[in-house]
Amino acid sequence: MKYNFTEIEKKWQSYWDEHKTFAATQEDSKEKFYALIEFPYPSGDGLHVGHARPYTAMDIVARKRRKLGQNVLFPIGFDSFGLPTENFAIKNKVHPADVTKRNITRFTEQLKALGYSFDWDRAVETTDPAYYKWTQWIFIKMFEKGLAYKQKMPVNWCPSCNCVLANEEAQGGVCERCGSPVVRREKSQWMLKITEYAERLLDDLDTVDFIERVKVQQKNWIGKSTGASVTFAVPETGDKLTVFTTRPDTLFGVTYMVVSPEHALVEQWLTSGAIKNAQEVTAYRDAAARKSDFERTETAKDKTGASLDGITAENPANGEKIPVFISDYVLATYGTGAIMAVPGHDTRDWEFAKVFGLPIIEVVAGGDVEKEAFTDCETGQMVNSGFLNGLAVSQAKEKITAWLEDGGLGHKTVNFKLRDWVFARQRYWGEPIPMVYCEHCGYVPLPESELPLVLPQVENYEPTTTGESPLSKMTDWVNVKCLKCGHAAKRETDTMPQWAGSSWYFLRYADPKNSEALASKEALDYWTPVDWYNGGMEHTTLHLLYSRFWHKFLYDIGVAPTAEPYKKRTSHGMILGADGQKMSKSRGNVVNPGEVIAETGADTLRLYIMFIGDFEKTAPWSPDAVKGCRRLLDRIWNLTETRRGGDDFALSKTHEKSVNRTIKKVGEDIEAMKFNTAIAALMSLVNEFYGQGADPSRGDIRTLLSLLSPFAPHIAEELWQIQGFSGLASTAPWPEYDETMLSDNDIPIAVQIGGKLKTTITVAADADEQAVIAAVLSDEKITRLAEGKELVRTIYVPGRLVNLIFKG
RNA sequence: GCUGGUGUGGCGGAACUGGCAGACGCCCGGGACUUAAAAUCCCGUUCUGGCAACAGAGUACCGGUUCGAUUCCGGUCACCAGCACCA
């Protein structure tokens, strides 16, 4: 008989809702556990199976911890600002707020249909003015501390979205959202000084329990490198050209210098006429400016550039005069935007030197610099380097750095790849930046009393191609009096990026209704930090890094109680389509969770999505394999329904150790996120109950249902009630296992001859080595195989195996 | 190019700290029940040879350490992800 999942699942979802079974209430005496998943962006497509995997996983953890007696906070909300909503709204001529409302309603229904144990009373929406009041408040605090600033600079511009992008959103030179090639534009932008936190964002990774690949990826993104800055004199103009290098030891090998096309000195030298071939240099500079980032990386191998005739630099180490070039292989945004070129020991410089016929000097012996650059730092010895000759690279680095410092020619320097965060978007559907610009006073933040600065209703919120926000057309909203001096002033019309609201939402969950503060101190002290945060790898260098930065800032100003927001971070693999390809509408391989629920129930979907494979790895969806999970539930239903108290139960030969082992295994597997093997263990136990019978008097059924309940909460709850157990399966204590019940009296021992398995014998668990070997040697098969051979060695691994080595 | 990861039956995947490879599930084959089918229950299911007992091979590939290697070491190949002229 199959169970009626539709009815049962609705019944218990309503029950949990009405009774607020999973509401989190602060109880200072109780141990808290804060489980967090990344709140969804409520897109028009509805919930995706990609959401179900991490959400189900953390729901299982939350449900288990609750049963362990911990005070669990497992909240949900909506990251509801964002471009797709705005684009949909423009296309269909509706207001983004209406679209958002509709999508959130739909998401809420879908999330509830999956039976997640969220505390719905704490749900937050980033588009709610009562919420984004505090997003704006944090921005103002950052402005006050000098961490938010406006600056004209080259930015990533997506010509399709008509919007600037953060570096993190423009990886690989294409727009993260729409895939269009990103171009460079000069624009005055709001920036957040995340670089000021670079060192701490890096160092504090050692204090948190993040999976290794997350740490590695953040470390690489922050990209710390230690070296020296070195100053070269330009005798023709009297300027100083400063470079950053990680190889100061190679200073004697510098044969030319390169500055980026955007370097300020180039502009200066062009204006002053110091550059003799101004036409050529200007042409090169313009061509570089026209290239998109994508084109720049495409042509990365072919070095191009132009020499700056009339400009030379003086090597501080040996006083030699060397030529200076501009080339776009030198980035304006890293280091000083200029390099000292050491073609003998840097691959890129070597390539450039070959194209331009520049001298290559060997200063570290060990390679052949005529064939290729020798970049090994470990083995080489300094040559052609004056007072550095004979030293190892590492010693030379120290010696030359000290020498530069003594002579005032340079010093030890640390550089980061991390760039400041472009924090403005020229779009409508985002948090307004609460700033007013006055000709006399500059940028003036709104006072807290005027927050939230609510997004005004506009007629037309289509993006402009000029790079102005749609809000700029709202003249009566834009034109205000300066808050300081009263003169005419203008509001900032750019809005915040999507990442703003999600950078602190986990703090709001602690106290979501607070109108006096982003959350009360008591609530934050009790609930934060987040104990366990699971989310996608795609957010590692975006949301995860951004929110760590905001949290550190909030910690610094005394709002957040801890230096790090998340104690533990785990990550799930993607679910692919049945064809092994990434799910997408165009491929037609998208699995809609709603359809699966309708067909086979939420409990089955939850089970399958956890059984599908290793949680951390990508896994293809398999419609057939879902059946196995459905069968498990039917078998449990029939086990407890039709066989209840029947003859099968009377057998009750299932050994107590099986039950105890399953309790241990399922509990440990949940903590290790090995959900697939936890479910396999449940399947095995059910198989055993079918074969041997379950003993209700021992509580076998109760234990099974309790273990099942985090995975398949609805059916567990229903059967719990049918069995007449008191309370709810969801809140009943997690079963305990008896340590003494885990091992057998008789254990199997593998018997090998020369490392090859020949047979298996059973011995008493407390048998000693002698007894086991005696048993092995008296085994009929072993006797036969051993005949006429001399036993030269026996290896005995207690409880595992015996390996016999024969001669002849 | 750099960084990280992965490679196990027809398929998804198991395997503690070097100790019985393939748990669990899907597919498939057989049986029971049924007038029949579906569902359900039971059995089998890495490959090769054999009716079978059994024998041999086998964890991407080549080699090494070891009584014993999916696991450790060296090398090769393939795939996935991230970064990418970061000086």
Side-chain angles (χ1 to χ4, degrees), chain A residues 1-2 171-173 212-221 223-225 227 243-248 250 258 260 296-297 299-303 327-331 333-342 345-349 351-352 375 415-419 537-538 540-541 573-574 580 607-608 611-614 616-629 631-632 634-635 638 642 668 674 676-684 686-687 690-691 748-760 781 792-806:
Chain A
M1 199 182 83
K2 291 196 165 192
Q171 295 173 14
E212 200 50 33
R213 53 191 175 133
V214 169
K215 286 192 183 184
V216 167
Q217 222 168 291
Q218 287 210 347
K219 271 181 198 160
N220 289 346
W221 187 257
K224 179 178 178 173
S225 48
V243 300
F244 170 73
T245 178
T246 54
R247 297 292 303 275
T250 60
V258 188
S260 68
R296 279 199 183 194
T297 49
T299 56
K301 282 151 217 134
D302 312 317
K303 296 283 177 289
S327 171
D328 63 3
Y329 89 89
V330 172
L331 304 175
T333 49
Y334 184 76
T336 62
I339 61 151
M340 58 180 224
V342 187
H345 305 282
D346 181 283
T347 314
R348 297 149 302 178
D349 296 345
E351 287 166 0
F352 189 87
T375 56
N415 242 297
F416 294 94
K417 280 198 229 175
L418 187 68
R419 300 269 73 86
M537 283 308 289
E538 70 275 18
T540 302
T541 53
M574 214 194 319
L607 268 182
Y608 175 63
F611 188 62
I612 196 165
D614 186 331
E616 289 200 16
K617 293 189 190 137
T618 55
W621 182 266
S622 162
D624 282 338
V626 178
K627 282 184 237 169
C629 293
R631 257 175 223 155
L632 173 70
D634 281 334
R635 274 162 79 80
N638 291 331
T642 61
E668 288 175 355
K674 293 167 78 175
N676 52 342
T677 50
I679 292 166
L682 288 172
M683 286 171 169
S684 295
V686 170
N687 289 345
Y690 263 75
I749 297 284
V751 182
Q752 298 178 338
I753 292 178
K756 293 214 174 217
L757 181 72
K758 292 298 168 190
T759 187
T760 304
K781 187 170 175 186
V792 289
R793 194 175 163 193
T794 58
I795 291 117
Y796 170 64
V797 183
R800 295 269 183 201
L801 59 68
V802 171
N803 189 11
L804 306 173
I805 316 297
F806 288 102

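As a basis for the values below, the full set of heavy atoms in this structure was taken, side chains included, without hydrogen atoms, waters or symmetry mates.
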5' to 3', nucleotides 7-17 of chain B under a 4.0 Å protein heavy-atom cut-off (B base, S sugar-phosphate only, - none) gives -----BSSSB-
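A:I339 comes within contact range of at least one nucleobase, with a heavy-atom separation under 4.0 Å. Using a 4.0 Å heavy-atom distance criterion, A:D349 is classed as making no nucleic acid contact.
Proximity note for A:N803 (side chain, C-beta onward) versus B:A21, B:C27, B:G19: the nearest is B:G19. Of the candidates B:C67, B:A84, B:C20, the closest approach to any side-chain atom of A:I795 belongs to B:C67. Minimum atom distance to the side chain of A:P748 is reached by B:C20, of the listed B:C42, B:C85, B:C20. Listed nucleotides: B:C27, B:C67, B:U3. Nearest to the side chain of A:I805: B:C67.
In terms of modelled atom types and a separation under 3.5 Å, the side chain of A:Y608 and the main chain of A:W621 share no donor-acceptor contact.
Defined by atom type and a distance below 3.5 Å, a donor-acceptor pair is present between the side-chain atoms of A:N687 and A:R635.
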What N/O pairs connect the protein and nucleotides 55-58 of chain B at under 3.5 Å? Give each pair on its own line.
from, atom 1, to, atom 2, distance (Å)
B:A57, OP2, A:K756, NZ, 3.0

- Message: Is there a side-chain contact (heavy atoms from CB on, under 4.5 Å) between A:M683 and A:F611? Walk through the geometry before answering.
- Response: CA-CA 11 Å; A:M683 286 171 169; A:F611 188 62; 4.0 Å; yes
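Note: NZ (A:K303) to P (B:C85) measures 9 Å, nearest angstrom.
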